[in-house]
2 protein chains.
Amino acid sequence: MVRWQPGAFERLRSAALELFEETGYEQATVAGIAARAGVTERTFYRYFADKREVLFAGGEDLQRLMADAVAAAPHTDDAARLVAVALDALATAFPDELRAHARRRGAVVKSQPALLEREMLKLESLKATLSTALAKHGVAPVRAAVAAESAVGVFHVSFARWVADGEERSMAELQQEALEELRAVVMWV
Amino acid sequence: MVRWQPGAFERLRSAALELFEETGYEQATVAGIAARAGVTERTFYRYFADKREVLFAGGEDLQRLMADAVAAAPHTDDAARLVAVALDALATAFPDELRAHARRRGAVVKSQPALLEREMLKLESLKATLSTALAKHGVAPVRAAVAAESAVGVFHVSFARWVADGEERSMAELQQEALEELRAVVMWV
DNA sequence: GTCTATAGTGCGATAGAC
DNA sequence: GTCTATCGCACTATAGAC
């Protein structure tokens, strides 16, 4: 008998999502997830820092994608231009093929404050990354910070709409629209 | 001998903050906090949903303050004007007398991702409240959502600066400055 | 106020890949 | 042989149920 099959990481992710959908997040135990994936509880914790993290693994990729795009942007301290670059990069991470899976995952996350909490921490981390990337282009700290807050805010609102029932427009399109709404708000001041 | 002294809630809050400062958040146990406050562990959980929450109690007051201010604002669907009302209301909750305490608390929160996570959830809740309040004034949903994201972003950045070492300006002043930076970013598009 | 499930950690043993 | 993924077990503390 083999001690391990390859792909424990992916098996754990699928097992967790399925089990959360079947029994609810709180009812599902780490032992149950591990059993379904054919590993022990201890192995789960080798891959994921805690029970929630199994739904958020891969978030670093998103950050790197965005940070790299901003770093590679033409040199400018025009924060608005850099924000547009960041949003374009983020949009590429959410092609239509991923929408169905994102909806399943989103439904679970929405059902549980503890998971929403983790999602907000990931967004905060994204803000920090963007703010730093803007600052590296010479954007002043406070301006970089508020630009990052608003940009990630636009992303957040757009992502929520992207996974909403019946929505078919692309992330890029929804972000564009949200950005125009932001402009309208700020212009009025 | 008295079975309990009044003010368990406040004693628990103080005991927790002190113990977190002395031993670090993770080392401190709920039993230890309860003992220092002269109550049992069970009593701690009567007042606070979990160990983290002891540092965030009172967040609902902030939401109510803001929601009431926006609700009482002159009828308009001008999101920018309503955002200004919301920010003004928030600023009143952070007078200079509270800064020293906010710094102590902030230092603990910053030291622990689990606490930062909870802070972000509170801010998300603030966003939701503001978005709803704007919508009640007739602001369109998407516009209300991005306006709330940016407004709470401005608040977040300003609060971080308000508690920063050596900072002496008021919340109102810092928010004003952050708002101007946001304007500058969005205007440039 | 007591009792219990389970999340999460530390450490050592072991099986398989190379 | 080395290296690393997995496992087993003992343990604490949180948090909820009764």
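Order of the sequence lines fixes the chain letters, A, B, ..., with proteins taken first and strands second; residue numbering starts at 1 for each chain. If you're wondering where the values come from, they're calculated on a predicted model, not measured in any experiment.
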Handout entry: Whole angstrom value for the distance that separates P of C:dA5 from CD of A:Gln27
Key = 14 Å
Handout entry: Cation-aromatic face contact A:Arg104/A:Phe20, 6.0 Å, 45 degrees
Key = no
Exercise for the section: Tell me whether the OP1 or OP2 atom of D:dA5 has a side-chain N or O from A:Arg46 closer than 4.0 Å. Expected result: yes
Problem - Spacing of B:Leu19 atom CG relative to D:dA13 atom C1', expressed in whole Å - result: 14 Å
Problem - Salt-bridge criterion met for A:Glu10 and A:Arg13 (N-O under 4.0 Å) - result: yes
Handout entry: Rounded distance (Å) that lies between atom P of D:dT14 and atom CZ of B:Phe44
Key = 9 Å
Handout entry: d(NZ, B:Lys51; P, C:dA7) in whole Å
Key = 18 Å
Completion exercise
Separation of C:dT6 atom P from A:Arg52 atom CZ, nearest Å, is 18 Å
Exercise for the section: Let me know the distance between CD of A:Glu53 and P of C:dT9, rounded to the nearest Å. Expected result: 12 Å
Practice task
Measure the distance from CG on A:Leu12 to C1' on D:dT6 and round it to the nearest whole Å.
Solution key: 12 Å
Completion exercise
Shortest non-hydrogen pair, B:Ala151 vs B:Leu130, comes out as CB-CD2, 3.6 Å
Practice task
Would you kindly give the CZ-to-P distance between A:Phe9 and D:dT4, to the nearest whole Å?
Solution key: 19 Å
Handout entry: With B:Arg161, the side-chain hydrogen bond (donor to acceptor under 3.5 Å, both in side chains) member among B:His156, B:Glu173, B:Glu177, B:Gln175
Key = B:Glu177
Exercise for the section: Starting from the 5' end of DNA chain C, give me the residue, A:Thr29 or B:Thr43, whose nearest nucleotide shows up first. Expected result: B:Thr43
Completion exercise
Of D:dT14, D:dC7, C:dA7, the nucleotide closest to the side chain of A:Thr40 is D:dC7
Handout entry: Side-chain donor/acceptor of A:Arg42 to base of C:dG10, under 3.5 Å
Key = yes
Problem - A:Tyr45 side chain near D:dC7 phosphate (N/O to OP1/OP2, under 4.0 Å) - result: no
Problem - Comparing A:Glu41 and A:Glu26 on DNA chain D - which has the more 5′ nearest nucleotide - result: A:Glu41
Exercise for the section: Indicate if A:Leu116 and A:Phe155 have the same hydrophobic cluster label, given that clusters are the connected sets of ILVMFWY residues with side-chain heavy-atom separations under 4.5 angstrom. Expected result: no
Exercise for the section: Classify the nucleic acid contact of A:Tyr47 as base, sugar-phosphate or nothing, counting any heavy atom under 4.0 Å across all strands shown. Expected result: sugar-phosphate
